[in-house]
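In what follows, residues are counted from 1 in the order of the sequence shown.
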Amino acid sequence: MEFIAAASIVIAILAVLTSCLTVRRVKKQISEMSEALADVKNGNGNRRILSAANELTAPIAYEINDIVVSYENRLSAFRRTDEANRQLMTSLSHDVRTPLTTLIGYLDAAHKGIVTGKDRDDYIETARRKAHDLKEYIDVLFDWFKLNSDEFSMEINVIEAGELTRNILIDWIPIFEDKQMEYHIDIPEQPFRVKLDMDGYMRILNNLIQNVITHSHGDKIEISLSKQSGNMKLFLADNGAGMEKEDLKHIFERLYKCDKGRSEKGSGLGLSIVHQLAEKMNGTITVESAPGKGTAFTLTFPLAD
């Protein structure tokens, strides 16, 4: 009996010692967590809490690490967005202020009688064209802000995309002819039932065509619809100047312009809008191009059941 009592005492003492050691270790780990969190709060997003899998605090440590990683990812995304918005404001300042100043200059010259006769008519016509260019830029800008706002929504329905595509292209044919662009359009009579937002699809096609007219420097455009592996494929190609491989890597990024010297008009948002709209409608868009060999965009959307 005395042996059992002594053993019980020893076990109790060991249990107390173990508990004390455990409490001490847990307190140390909590202190380390507190230091780590303070470090994260001060801006060190790379700080992590180390803990062995068998320790009592391990689940908490791992959860805190996951929260820190999530927080850092969101912070990085916010920083990228903030930087992109600053670039957008800088671009906006140049791309709106400069043509607006020029527009006012032409109108003032005509209004004050600085130019007369045919020169005055030419100044007014130039001002008119610049006003339309400026409106086009602002329309694209509003599209971008709307697309990236919390209020943006789409009304996706099953539509007959072949007929819709024809109706969109009808309005472009006079422009092709005015620009003396040769056009080849191939839209089969068969139905193309696709789940799309009608306005979004119109914006995609209009932006792609406008991109060809504004930037390709080509005189031919080819547009076709076909079915391929359960998808509707829209193919749009030109015979223009084409692009370098490095440009192709960034072509769908916002504010990216192949013309680094900014000698061409354009917001740098059009193709980014196309890419985002395609993704929001479960579509994909790819591009192929080479200097002097033109550019081809391929847009695909799943056919409706």
Among residues two or more places apart or on two chains, list those pairs meeting salt bridge (charged side-chain N to carboxylate O under 4.0 Å, His left out) that have a residue in residues 167-185.
->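 As it turns out, there is no salt bridge (charged side-chain N to carboxylate O under 4.0 Å, His left out) pair with a partner in residues 167-185 once direct neighbours are skipped.
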Please list all pairs passing the salt bridge (charged side-chain N to carboxylate O under 4.0 Å, His left out) test where one or both residues lie in residues 192-202, with sequence neighbours left out.
->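 Every pair satisfying salt bridge (charged side-chain N to carboxylate O under 4.0 Å, His left out) with a residue in residues 192-202: there are none.
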Applying side-chain contact (heavy atoms from CB on, under 4.5 Å), name anything that partners [X], two or more places apart in sequence or on another chain.
{"X": "Asn167", "value": "Glu163, Ile170"}
{"X": "Asp121", "value": "none"}
{"X": "Glu279", "value": "His275"}
{"X": "Glu189", "value": "Arg166"}

Expected list for residues 288-303: side-chain donor-acceptor pairs under 3.5 angstrom, two or more places apart:
from   : atom 1 : to     : atom 2 : distance (Å)
Ser289 : OG     : Met243 : N      : 2.8
Ser289 : OG     : Gly294 : O      : 3.0
Ser289 : OG     : Thr295 : OG1    : 2.8
Thr300 : OG1    : Thr284 : OG1    : 2.5

Does a side-chain heavy-atom distance below 4.5 Å link Ile223 with Tyr183?
->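 Of all side-chain heavy-atom pairs linking Tyr183 with Ile223, none is under 4.5 Å.
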Do Leu236 and Glu222 come within less than 4.5 Å of each other through their side chains, counting heavy atoms only?
->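 No, every pair of side-chain atoms sits at 4.5 Å or beyond.
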With Asp122 via side-chain hydrogen bond (donor to acceptor under 3.5 Å, both in side chains) - residues at least two apart |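 If we apply the side-chain hydrogen bond (donor to acceptor under 3.5 Å, both in side chains) test to Asp122, skipping adjacent residues, the hits are Lys118.
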Who passes side-chain hydrogen bond (donor to acceptor under 3.5 Å, both in side chains) against Asn239, sequence neighbours left out?
->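 Partners of Asn239 under the side-chain hydrogen bond (donor to acceptor under 3.5 Å, both in side chains) test: Asp219.
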Could I get the full list of salt bridge (charged side-chain N to carboxylate O under 4.0 Å, His left out) partners for Arg128, not counting sequence neighbours?
->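 Partners of Arg128 under the salt bridge (charged side-chain N to carboxylate O under 4.0 Å, His left out) test: Glu125.
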Please table the atom pairs, donor to acceptor, closer than 3.5 Å between any side-chain atom in residues 228-235 and protein atoms at least two apart or in another chain.
none

Nearest non-hydrogen partners of Ile221 and Val212, listed with the distance |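 Looking at all heavy atoms of both residues, the closest pair is CD1-CG1, 4.0 Å.
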Side-chain donor-acceptor pairs of residues 101-117 under 3.5 Å, sequence neighbours excluded:
from   : atom 1 : to    : atom 2 : distance (Å)
Thr101 : OG1    : Arg97 : O      : 2.8
Thr102 : OG1    : Thr98 : O      : 3.0

